[in-house]
Amino acid sequence: MAETTTSALSPEIQAAVNADTKTQLDDGVEKRVPLLLGDPSFNDVTEIVCRPVEWTVPRAWYIFFGCAAMLLGVLVLSTAYLFWEGTGIWGLNNPVSWGWAIVNFVFWVGIGHAGTLISAILFLLRQKWRTSINRFAEAMTIFAVMCALLFPTIHVGRVWLLYYVFPLPNQMAMWPNFRSPLLWDVFAVTIYGTVSIVFWYTGLIPDLATLRDRAKTRVRRIVYGIFSLGWRGSARHWQHYEKAYGMLAGLATPLVLSVHSVVSFDFAVAQLPGWHTTIFPPYFVAGAIYSGFGMVITLMVIARKLFGLERIVTLRHFDNMAKITLLTGSIVGYAYSMEFFIAWYSGNPYETFTFINRAFGPYAWAYWIMVTCNVIVPQIFWFKKARTHMGVLFVVSILVNVGMWFERFVIVASSLSRDFLPSSWDYFSPTIWDIAAFVGSFGLFFFMFSLFVRFLPMVSMAEVKTVLPKADPHHGHHDDDHGDDHHGDDHDHGDDDAKEEEE
Amino acid sequence: MSHSPKKITAQDIELPQNSLWRKLPLIGVALAVIGLGASAGIAWKGGKLHPQFYFSYLVAYAYWLSLALGGLFFVIVQFAARAGWSVVVRRIAEHAMLALPAFAVLFIPIALGLHDLYHWSHAEAVAKDLVLQDKAAYLNTTGFYTRAGAYFILWFVLAWYFWKKSTAQDESKEAAATKRMQIVAGPSIVIFALTLTFAAFDWIMSLDPHWYSTIFGPYYFAGTTLAIFSFISLMGVLLQRSGVLKDVITSEHYHDLGKLIFAFTVFWAYIAFSQYMLIWYGNIPEETVWFKHRGGAWLGMSIFQGVGHFAVPFFFMINRTIKRFKPTLIIGALMVLTVHYFDMYWLIMPTYHHHGPHFTIVDLTTFVGVGGVFLAVFGYGLARHKLIPAGDPRLKESLAFKNI
């Protein structure tokens, strides 16, 4: 297990990685091209994935980590001042009593959704390409949920009374309002966070065992050993693992829909024009997946380059992710047009006003940023060239999240600022503290993320190995590749198959 | 190859000459003539057709159209997703989608019954109603016909393109055809989504011209997907019972179809619940009126939507064995196809029967009549072409497919 084997790629593999889009994606319909490039062995996968965890940490990581830590510091300071002074430091005013805090909350919850879609729904749909990106996206989900939970927590003003949001028995017999969607949010997001962590950790166990077995220092051996829960890779372990994984996928699937639906209820149960519309739940879910894929692409474009994952995360993966981005972006565009159409069709002057006001009123600038970034920009993904060009992917994926942030801002600010009583209309402008909290939340996100790529395998080695052609028990009838495998490499997935074999 | 798929012979994928299936076009035409003739005969009162005819007809139309549209959806999604597993069942959906052009002809009675069906089509009613005056820019007869024409042209183009290309591939075995269809499938989804949505608005939602719901398109869409997955399962099993497609469609494919029925049962419930919950919670009179019309004597059927359309199929289809065992799978499929009819009835009929469900013989005869046309076209496709896309480059993958 020489650590250097993968740092320099052999010419053939380098050629496979550099092969043009046509070779990498064009499967000529008759057969499926392999998901990983350069026909890696099981050991190759282990080496590639473990390298960033085991190598000498490069300076780039320290720089990135340092920047994230500084942003996190901004968050901590601005939050401290918020606790000291109260929510008055934000730009809230009378009609716009919900400002950036709720916008940021919805923004971050949404980002998490791609991880759950990739890990749960694509698993149930047998989308094998997901194995290269699911660990990464699931980690993103957890960190995004952390950022999301931050905002409702700090926006309550008296943060020491936060426990009121939980239905805790108390001598004053005070209960939260069970008919309030804000309480449903508490349940939905905490369940979401819990299931995401359990799912993510379950998937990590075999890989942690691999890291344990490869560990060269005592501390590593003990820490990874504790967290790998005594995994030995026996057939029985795998059987339990696969069952648990399938069931968690089944449980997490409704969460992809339910969490953001409940978040959309925060708005849609109100009677405010622009908030109250029946398409909100599926529209929010599509938007969430859209923004989540935006974030996965942004991070993956960088991580793939930085950590040499080109053989594992290929153009095929980006092509697929861009297609999902296009699909969900178009669903979001469909929802915008439905809202607009029905506002006109309804003949309801309040509805009509709200939408005219969005497009041409004081928030028109935000509205058109939203439409451009969410509906128009992703249409470039109709073209394969764009779907496989790292530069285009990177720029578009960032615009996706700019657009999605503005979508939530438009919904919150434009509807509230122009409500039923014209004399109370006002315009929302953020203060420096609004901006500090939002920017700071990126600090928290990237801080956690840099720790993740440093200490945990960012690709699910065990799962990637199952989609290698070699993992097929009928592949070629030679088992030479098993030579220097580690515990995590056992692959009993084909067992059922083998029994049913008639040969 | 791993699972050594069975070698397919001509007998497996073509209907025998003496098969009853070959008479399906004739049977369908007979059903259409009898059903529509009887409907018209029964509903003919005082020199014109009774409004009951038009409403019953619209329910039947919405029902069978959802199968044809579902077929189109199934086909384009398989190509867009480059799916392999579904090749052996895709032909069933292709023939279902071939019925789409026939629905242009079947639209004639709806056009004739416009005044009986749609309140907004009465100039004198609009003159008295400020809301309808506001909406007249959309809800007017010319617009209604023009839009319907556009839907039918687009559906015809899509259905014909995919059907022709796929059936031609049986002989040509050209992989290029699959590639071409994969490319066309993407934009087709956009066209499908928009036409289905506005057709649902025009033909069903505008029955109650004051009412509106942005989720109405996805609601009708959810029904079409359920209908087609159930229909494919049912036809697959019935075809196999007559001795064809043996070992071609396996319990693995049925398992997947069952999973789709299960998933879209939940999706339908999700959409239906979203619509109901938000309107109930908002409690705005102009929206709640639609559900008010579905209370009272209609309440039983409204509750049935929750139980029959969601709870029962949900708990039934969740089981793995039930999805893989043909007799139980078709029980589930038939159940879904039945409740789907009541869903359409529940959407449309309260506009006419304010005081509660009132089933008449015309409901049955129109159902048989429109269904006859659908089955005739479906049967025509079955008899003329191989029962599976025999030239599809992914056929081998589909034959060897296993759920792991």
Side-chain angles (χ1 to χ4, degrees), chain A residues 26-32 121 124-127 179 181 253-254 257-258 261 264-265 268-271 275-283 285 323 326-327 330-331 334-335 337-339 341-349 351-352 382 466 472-475 493-494 496-497 500-503, chain B residues 1-4 80-82 84-85 130-135 137-139 175-176 178-179 182 186-187 189-190 193-194 197-198 201 206 210-219 259 263 266-267 270-271 273-279 281-284 286-287 392-394 396-397 402-404:
Chain A
D26 197 359
D27 47 9
V29 182
E30 283 93 349
K31 67 179 192 19
R32 310 268 180 192
I121 294 190
L124 295 182
L125 293 176
R126 292 190 304 269
Q127 297 297 304
R179 280 177 291 185
T253 296
L257 293 161
S258 70
S261 297
S264 82
F265 291 163
V269 298
Q271 294 173 333
W275 285 13
H276 180 80
T277 186
T278 47
I279 205 167
F280 251 40
Y283 150 40
V285 171
K323 279 180 186 167
L326 171 63
L327 173 70
S330 303
I331 296 178
Y334 169 90
S337 10
M338 282 309 116
E339 280 190 309
F341 170 75
I342 293 286
W344 173 67
Y345 171 91
S346 70
N348 179 330
E351 288 281 339
T352 318
W382 282 103
T466 65
D472 186 337
H474 314 291
H475 171 77
H493 307 78
D496 297 349
D497 240 18
E500 285 167 34
E501 248 301 324
E502 288 161 7
E503 286 177 8
Chain B
M1 226 350 251
S2 53
H3 305 295
S4 51
R82 307 183 302 130
W85 72 274
L130 283 173
V131 176
L132 288 189
Q133 284 167 27
D134 266 358
K135 294 183 155 195
Y138 186 80
L139 291 180
T178 302
K179 281 205 119 151
Q182 278 173 192
I189 294 178
V190 178
L194 291 175
T197 304
F198 283 98
F201 285 165
S206 83
H210 284 194
W211 186 73
Y212 51 87
S213 171
T214 40
I215 208 173
F216 202 80
Y219 185 93
K259 283 190 265 188
V266 182
F267 180 72
Y270 167 65
I271 298 294
F273 176 77
S274 298
Q275 173 166 282
Y276 174 71
M277 206 284 283
L278 291 176
I279 289 177
Y281 202 118
N283 205 10
I284 300 171
E286 55 201 78
E287 288 182 349
D392 192 296
R394 297 209 177 94
K396 223 164 129 189
E397 187 183 338
K402 292 212 171 180
N403 277 289
I404 303 174

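As the structure is a prediction and not an experimental result, all values here were calculated from the model.
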Exercise. Who wins among A:L124, A:N348, A:V269 for the most heavy-atom pairs under 4.5 Å with chain B?
Worked result: A:V269
Seminar exercise, completed: Taken in chain and number order and not counting sequence neighbours, the residues that satisfy side-chain hydrogen bond (donor to acceptor under 3.5 Å, both in side chains) with A:Y345 are none
Problem set entry | Region of B:Q133 that comes under 4.5 Å of a non-hydrogen atom in chain A | neither
Problem set entry | Option in A:I331, A:T352, A:T277 with maximal non-hydrogen atom pairs under 4.5 Å from chain B | A:T277
Problem set entry | Heavy-atom closest pair, residues A:P181 and B:Y281 | CD-OH, 3.8 Å
For this session: Check whether B:W211 gets within reach of chain A through its side chain, its backbone, both or neither, counting any heavy atom under 4.5 Å.
Result: backbone
For this session: Search all heavy atoms of B:A80 against all heavy atoms of B:I189 and return the closest pair with its distance.
Result: CB-CD1, 3.9 Å
Problem set entry | Top contributor to chain A interface from B:T178, B:T197, B:V266 [non-hydrogen pairs under 4.5 Å] | B:T197
Exercise. Are A:M338 and B:F216 close enough, and set up right, to give a side chain to side chain contact (heavy atoms under 4.5 Å, CB included), and what steps lead you there?
Worked result: CA-CA 10 Å; A:M338 282 309 116; B:F216 202 80; over 6 Å; no
For this session: List the atom of A:F265, the atom of A:P281, and the distance in Å for their closest heavy-atom pair.
Result: CE2-CG, 3.6 Å
For this session: Go through the structure and list residues passing ring-ring contact (aromatic ring centres under 6.0 Å, His included) with A:F280, not counting sequence neighbours.
Result: A:Y283, A:F284
Problem set entry | Heavy-atom proximity to chain A below 4.5 Å, by part of B:A81 | neither
Seminar exercise, completed: Interface check, chain B: of A:R179, A:E339, A:K323, most non-hydrogen pairs under 4.5 Å belong to A:R179
Problem set entry | Mutual orientation of the aromatic rings belonging to B:Y270 and B:F267 [parallel < 30°, tilted 30-60°, perpendicular > 60°] | tilted
For this session: Let me know if A:S346 has heavy atoms under 4.5 Å from chain B in its side chain, its backbone, both or neither.
Result: both
Problem set entry | Atom of A:P282, atom of B:I271 and distance for their closest heavy-atom approach | CG-CD1, 4.1 Å
Exercise. Where on B:L139 is there a heavy atom nearer than 4.5 Å to chain A: the side chain, the backbone, both, or neither?
Worked result: side chain
Exercise. Any idea which of B:Y219, B:Y276, B:F201 has the most non-hydrogen atom pairs under 4.5 angstrom with chain A?
Worked result: B:F201
Seminar exercise, completed: Okay, B:L132 and chain A: the region with an atom under 4.5 Å from a heavy atom over there is neither
